[in-house]
Visitor: 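Let me begin by handing over the structure; questions about it come next.
We're numbering straight along the sequence, starting at 1. Quick caveat, the model's predicted, so the values are computed rather than measured.
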Amino acid sequence: MDYSTVALSVILVVLLVVNVLGFWYVIQLMLPLVHFGGPFVVSRTEHVDAMIRLAKLTPADRITDLGSGDGRIVIAAAREGVADALGIEINGALVTASKFSASRLGLKNARFVRESFWKSNVSDRTVVFLYQVPYAMRKLETKLQNELPPGARVISNDFKFVNWKPSEEHGRIRIYVKSEVA
């Protein structure tokens, strides 16, 4: 075997590995869409800060971010002192990255699970954060109206519910409060 044959073999192996990793990455990006959620889009820092501020979090709150992506909202809530901050994300790579970030910051009150938020029970949550697309918002409105306890707050970045009227609007951030009557 001469040098050029070895070099060509190495190049082919590298290309194969890159293609496999690229395919895996695309599959991870598509998971939320297959499960009727939105794709991962990074929330801008100023939006995260505004959502946390507008949620008026207390240490007793039990928050969740449905489709938590890289975990920035859960981490911000945990840093505010919320005792139980939960991120629900279907993309395993993002869950791993979120867990790493929370661990690096020493946040024991921030947890992340890999699952579809459609299968998650949010009946014990007092605050839910969302950054979802319109077709997911229609179904989430029903899910949250059925599952959330009265008084729970839903903080939505950018997208709105069809029937549930916000109690407050601040630019593109909407706050919904679950009433006593569903």
Side-chain angles (χ1 to χ4, degrees), residues 27-43 47-48 51-52 54-103 107-164 166-167 173-180 182:
I27 293 296
Q28 291 295 308
L29 289 176
M30 298 302 286
L31 271 176
L33 300 175
V34 172
H35 288 270
F36 304 104
F40 171 57
V41 177
V42 174
S43 292
H47 290 165
V48 172
M51 290 173 76
I52 296 296
L54 294 169
K56 299 176 181 139
L57 299 174
T58 70
D61 277 320
R62 298 171 55 84
I63 75 102
T64 195
D65 184 6
L66 300 179
S68 59
D70 63 2
R72 62 184 61 208
I73 291 175
V74 172
I75 288 170
R79 291 178 102 170
E80 286 290 312
V82 169
D84 184 5
L86 173 65
I88 300 171
E89 173 61 50
I90 199 161
N91 182 324
L94 291 172
V95 170
T96 300
S98 299
K99 287 179 177 180
F100 176 78
S101 295
S103 175
L107 298 172
K108 298 197 184 313
N109 53 339
R111 299 179 296 122
F112 298 91
V113 295
R114 181 178 187 243
E115 77 180 10
S116 169
F117 55 71
W118 300 115
K119 295 179 180 176
S120 299
N121 182 338
V122 295
S123 63
D124 66 336
R125 302 284 113 182
T126 59
V127 180
V128 174
F129 290 93
L130 300 172
Y131 187 18
Q132 288 297 322
V133 292
Y135 63 83
M137 292 295 285
R138 283 190 289 278
K139 284 180 62 178
L140 277 170
E141 180 176 15
T142 301
K143 175 182 175 55
L144 296 176
Q145 280 284 11
N146 289 336
E147 291 183 19
L148 287 177
R153 303 172 316 277
V154 178
I155 317 301
S156 178
N157 183 11
D158 209 13
F159 299 102
K160 53 178 127 176
F161 289 134
V162 176
N163 299 306
W164 195 352
S167 60
I173 297 171
R174 291 167 186 83
I175 295 121
Y176 300 89
V177 178
K178 169 79 181 283
S179 66
E180 295 291 329

Visitor: Show, in sequence, the C-alpha distance, side-chain angles and deciding distance for Ile90 and Glu115, and conclude whether the side-chain contact (heavy atoms from CB on, under 4.5 Å) test is met.
Guide: CA-CA 5 Å; Ile90 199 161; Glu115 77 180 10; over 6 Å; no
Visitor: Is any side-chain heavy atom of Thr64 closer than 4.5 Å to one of Leu66?
Guide: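 Heavy-atom side-chain distance check passes, below 4.5 Å.
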Visitor: Go through the structure and list residues passing salt bridge (charged side-chain N to carboxylate O under 4.0 Å, His left out) with Arg62, not counting sequence neighbours.
Guide: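 Partners of Arg62 by the salt bridge (charged side-chain N to carboxylate O under 4.0 Å, His left out) criterion, ordered by chain and then number, come out as Asp84, Asp124.
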Visitor: Could you work out, with side chain to side chain donor-acceptor pair (under 3.5 Å) as the rule, every residue matching Asp158, not counting sequence neighbours?
Guide: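 Side chain to side chain donor-acceptor pair (under 3.5 Å) list for Asp158, sorted by chain: Arg172.
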Visitor: Please enumerate all residues that pass side chain to side chain contact (heavy atoms under 4.5 Å, CB included) together with Ser167, with sequence neighbours excluded.
Guide: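 Listed in chain order: Ile175, Val177.
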Visitor: Closest heavy-atom contact between Ala78 and Leu107?
Guide: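 Closest heavy-atom pair between Ala78 and Leu107: CB-CD1, 4.1 Å.
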Visitor: My understanding is that only residues two or more places apart in sequence, or in another chain, count here; which of them pass salt bridge (charged side-chain N to carboxylate O under 4.0 Å, His left out) with Lys56?
Guide: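 Expected list: Glu168.
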Visitor: Could you list the residues that satisfy ring pair (Phe, Tyr, Trp, His ring centres under 6.0 Å) with Phe112, not counting sequence neighbours?
Guide: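 Phe112 satisfies ring pair (Phe, Tyr, Trp, His ring centres under 6.0 Å) with no other residue.
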Visitor: Do Val133 and Met137 come close enough that some side-chain heavy atom pair is under 4.5 Å?
Guide: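 Not touching, per the 4.5 Å side-chain cut-off.
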Visitor: Does Thr96 have any side chain to side chain donor-acceptor pair (under 3.5 Å) partners at least two apart in sequence or in another chain, and if so, which?
Guide: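 Checked Thr96 against side chain to side chain donor-acceptor pair (under 3.5 Å); zero matches.
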Visitor: With Phe159, which residues qualify under ring pair (Phe, Tyr, Trp, His ring centres under 6.0 Å), at least two apart?
Guide: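 Applying ring pair (Phe, Tyr, Trp, His ring centres under 6.0 Å) to Phe159 gives none.
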Visitor: May I ask you to test the Val128-Ile63 pair for a side-chain heavy-atom distance under 4.5 Å?
Guide: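 Answer no - side chains too far apart.
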Visitor: Can you name the side chain to side chain contact (heavy atoms under 4.5 Å, CB included) partners of Ala55, sequence neighbours left out?
Guide: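 Expected list: Leu57, Val127, Phe129, Ile155.
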Visitor: Looking only at heavy atoms, what is the nearest atom pair of Asp65 and Val74, with distance?
Guide: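 Looking at all heavy atoms of both residues, the shortest contact is CB-CG2, 3.7 Å.
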Visitor: Any side-chain heavy atom of Ile73 within less than 4.5 Å of one from Met51?
Guide: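 Yes; the side chains approach each other to less than 4.5 Å.
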Visitor: I'd like to check the side chain to side chain contact (heavy atoms under 4.5 Å, CB included) partners of Glu141; sequence neighbours left out, ordered by chain and number.
Guide: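 Phe161, Val162, Asn163, Trp164.
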Visitor: Any idea which heavy atoms bring Arg174 and Tyr176 closest together, and the distance?
Guide: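 For Arg174 versus Tyr176, the nearest heavy atoms are CD-OH, 3.5 Å.
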Visitor: I'd like to check the side chain to side chain donor-acceptor pair (under 3.5 Å) partners of Glu147; sequence neighbours left out, ordered by chain and number.
Guide: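 In terms of side chain to side chain donor-acceptor pair (under 3.5 Å), with neighbours along the sequence ignored, Glu147 is linked to Lys143.
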Visitor: Side chain of Ser101, backbone of Ala97: donor and acceptor closer than 3.5 Å?
Guide: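 Checked: pair present.
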Visitor: Do Asn157 and Ser43 have side chains that get closer than 4.5 Å, going by heavy atoms?
Guide: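 Touching, per the 4.5 Å side-chain cut-off.
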Visitor: Does the side chain of Leu140 come within less than 4.5 Å of Trp118's, by heavy atoms?
Guide: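 Sidechains of Leu140 and Trp118: in contact.
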Visitor: Examine the side chains of Ser98 and Glu89 and answer whether a donor and an acceptor come within less than 3.5 Å of each other.
Guide: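 No, no side-chain donor-acceptor contact under 3.5 Å.
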Visitor: For Leu148, is there any backbone N or O sitting under 3.5 Å from a side-chain donor or acceptor partner on Lys178?
Guide: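 Between the backbone of Leu148 and the side chain of Lys178 there is a qualifying donor-acceptor contact (under 3.5 Å).
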Visitor: What's the separation between atom CD in Gln132 and atom NZ in Lys139, rounded to the nearest 0.5 Å?
Guide: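 Between Gln132 CD and Lys139 NZ, I get 11.0 Å after rounding to 0.5 Å.
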Visitor: Run the side chain to side chain contact (heavy atoms under 4.5 Å, CB included) test against Thr58 and tell me which residues pass, sequence neighbours left out.
Guide: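 Once residues adjacent in sequence are excluded, the partners of Thr58 under the side chain to side chain contact (heavy atoms under 4.5 Å, CB included) criterion are Ala60, Asp61.
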